[in-house]
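Numbering starts at 1 and runs along the sequence shown. The model shown is predicted, which means the values in this text are computed figures rather than measured ones.
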Amino acid sequence: MFSPATFATALVMTAFSAVFWGSWANTYKGTKNYAFELFYWDYIIGVVVCSIGFALTLGSHGPGESFLTNIRETSGTDIAYAMIGGFIFNIANLLLVAGIAIAGLAIAFPIAIGIAVVEGVVLSYALQPKGNAGYLAIGVLLATAAIVFDALAYKRLGAGKEITREGIVVNVISGVLMGGFAPFVTRSMTVGHPLTPYSVAVFFSLGAFICCFFANPYLMRHPLLGEPVSFSGFWKASVRDHLLGFFGGIVWGLGGCFNFIAAGFVGVAVSYAIGQSSPMIAALWGVLVWKEFRGADGRAWGYLALMFLAYLAAVVTIAMAYNG
């Protein structure tokens, strides 16, 4: 199987995982009157297909244990941990989208992503203490500061939403769950006859897929915002909308595979921390493509500049945490 041979390669892969994770949601913006709960079915299929594609190609050729050999040799416990991680991630991802819709980016980002970064790195490092804890802690603080600057920039746009208890609770739960999947991935990659990163990606995505049959129908019937959605709308959607959803899943799947593969070299804590700089990429799309900051005042642009600087400093600091 392919695995990065140098730290530089692994670092580039973690950076690309952030790019992919910060970009997949753009595909939803390209749909027309397609409820997110329905779009998500196309999206999760794309994630699964991408993960299996990686496992049967890069994960099955070259030196090292192949994907099929690995799943024969590993324990059911490690497979279960990877699937539980995917199940938890899927709930967190759905709640994050709902949290953004309810409270806006200015509230959702600092609460949900902020909690996820700190929790995910701390718990993963506790299970796999790989890297310099001091540098890693500084990097996480810088990433958290960047998230706050990002939120302040969006708040300056004047499109802030009323802060409600529901919005705060949804985003807190999303953040706790988003940070909670990382330790399960760490466990599946480090104990017993561990899963390879490719096996983790496959079973993680299958766990997320299975979760959709529980979480998504519930949210379709009892949405946190808006009207209930019927599955009949899925069949009425255009081919273009379905393809956009599937492609969005492929994009997220690329980020997941890159992050897990890099984690096999640098450790989950380092890889996860850099991958969660994805809000910076999302902000870049907002500035350069969607023109979300057209007409923004100087303070908004100042916060954006501080966000980019803080994220870049975070990535450099976290990279310095790696000690082989």
Side-chain angles (χ1 to χ4, degrees), residues 17 20-21 24-25 36-37 39-56 58-59 67-68 70-98 112 116 119-120 123-124 127-128 173-220 245-246 248-264 268-269 271-272 275-276 278:
S17 74
F20 290 128
W21 282 350
W24 73 267
F36 183 79
E37 294 87 350
F39 168 92
Y40 205 87
W41 290 104
D42 297 310
Y43 159 82
I44 201 63
I45 292 171
V47 174
V48 173
V49 168
C50 181
S51 301
I52 293 175
F54 262 75
L56 295 178
L58 292 178
F67 166 64
L68 294 178
N70 180 242
I71 61 176
R72 283 197 300 266
E73 297 294 330
T74 195
S75 70
T77 302
D78 284 336
I79 291 175
Y81 272 113
M83 293 185 73
I84 291 170
F87 197 100
I88 292 172
F89 157 78
N90 199 65
I91 298 174
N93 205 32
L94 286 166
L95 289 178
L96 176 60
V97 173
E119 179 193 2
L123 294 180
S124 296
L127 291 173
Q128 185 190 32
I173 295 173
S174 172
V176 170
L177 293 175
M178 188 68 76
F181 83 76
F184 288 93
V185 171
T186 305
R187 170 61 174 74
S188 69
M189 294 178 69
T190 56
V191 177
H193 189 106
L195 295 178
T196 68
Y198 298 92
S199 300
V200 170
V202 169
F203 290 111
F204 183 93
S205 66
L206 289 176
F209 180 71
I210 291 171
C211 177
C212 279
F213 290 90
F214 296 91
N216 217 14
Y218 178 83
L219 290 175
M220 288 169 65
F246 181 77
I250 293 290
V251 173
W252 193 97
L254 287 169
C257 288
F258 275 43
N259 200 269
F260 296 151
I261 294 168
V268 175
S271 185
Y272 179 84
Q276 287 292 3
S278 55

| task | Measure from the side-chain N and O atoms of Asn259 to the backbone N and O of Gln276, and report whether any donor-acceptor pair falls under 3.5 Å. | result | no
| note | Sorted by chain and residue number, the side chain to side chain contact (heavy atoms under 4.5 Å, CB included) partners of Phe20 (sequence neighbours excluded) come out as Phe16, Val251, Leu254, Phe258
Please tabulate, for the side chains in residues 173-185, all donor-acceptor contacts under 3.5 angstrom to protein atoms that are two or more places apart in sequence or on a different chain.
residue : atom : partner : partner atom : Å
Ser174  : OG   : Ala92   : O            : 3.0
Ser174  : OG   : Leu96   : N            : 3.4

| said: To the nearest 0.5 Å, what is the distance between CZ on Arg72 and OG on Ser199? | reply: 11.0 Å
| query | Would you say Leu68 and Ile71 make side-chain contact, with heavy atoms under 4.5 Å? | reply | yes
| note | Cys50 and Ile250 have their tightest heavy-atom pair at SG-O, 3.7 Å
| Do Ile91 and Cys211 have side-chain heavy atoms sitting under 4.5 Å apart? | yes
| Set of ring-ring contact (aromatic ring centres under 6.0 Å, His included) partners for Tyr40, sequence neighbours left out | Phe36, Tyr43
| At what distance, to the nearest 0.5 angstrom, does CZ of Phe87 lie from CG of Leu206? | 13.0 Å
| task | Ignoring hydrogens and angles, tell me if any N or O in the side chain of Asn70 forms a donor-acceptor pair with the backbone of Thr196 under 3.5 Å. | result | yes
| Atom pair CZ/OH of Phe54 and Tyr198 - distance to nearest 0.5 Å | 7.0 Å
| message | Would you compute the distance between atom OG of Ser188 and atom CZ of Phe203 and round it to the nearest 0.5 angstrom? | response | 10.5 Å
| query | Hey, does the side chain of Thr74 reach the backbone of His193 with a donor-acceptor pair shorter than 3.5 angstrom? | reply | yes
| task | Decide yes or no for Leu127 and Leu123: does some side-chain heavy atom of the first lie under 4.5 Å from some side-chain heavy atom of the second? | result | no
| Straight-line distance of Leu219 CG to Phe214 CZ, nearest 0.5 Å | 14.0 Å
| Could you give the distance from OG1 (Thr77) to CD1 (Ile84), rounded to the nearest 0.5 Å? | 9.5 Å
| field | Considering all heavy atoms, the nearest Asp78-Leu195 contact | value | O-CD1, 3.6 Å
| task | Answer yes or no: is there a donor N or O on one side and an acceptor on the other, between the side chain of Glu37 and the main chain of Pro217, under 3.5 Å? | result | no
| field | Option among Ser271, Pro197, Ser17 that satisfies the side-chain contact (heavy atoms from CB on, under 4.5 Å) test with Ile261 | value | Pro197
| Does the ring centre of Trp41 sit less than 6.0 Å away from the ring centre of Phe246? | no
| query | Where does the angle between the aromatic ring planes of Phe260 and Phe204 fall among parallel (under 30°), tilted (30 to 60°) and perpendicular (over 60°)? | reply | perpendicular
| Would Val47 and Phe209 count as a side-chain contact (heavy atoms from CB on, under 4.5 Å) if you check the C-alpha gap in whole Å, the side-chain angles of each, and the deciding distance to 0.1 Å? | CA-CA 9 Å; Val47 174; Phe209 180 71; over 6 Å; no
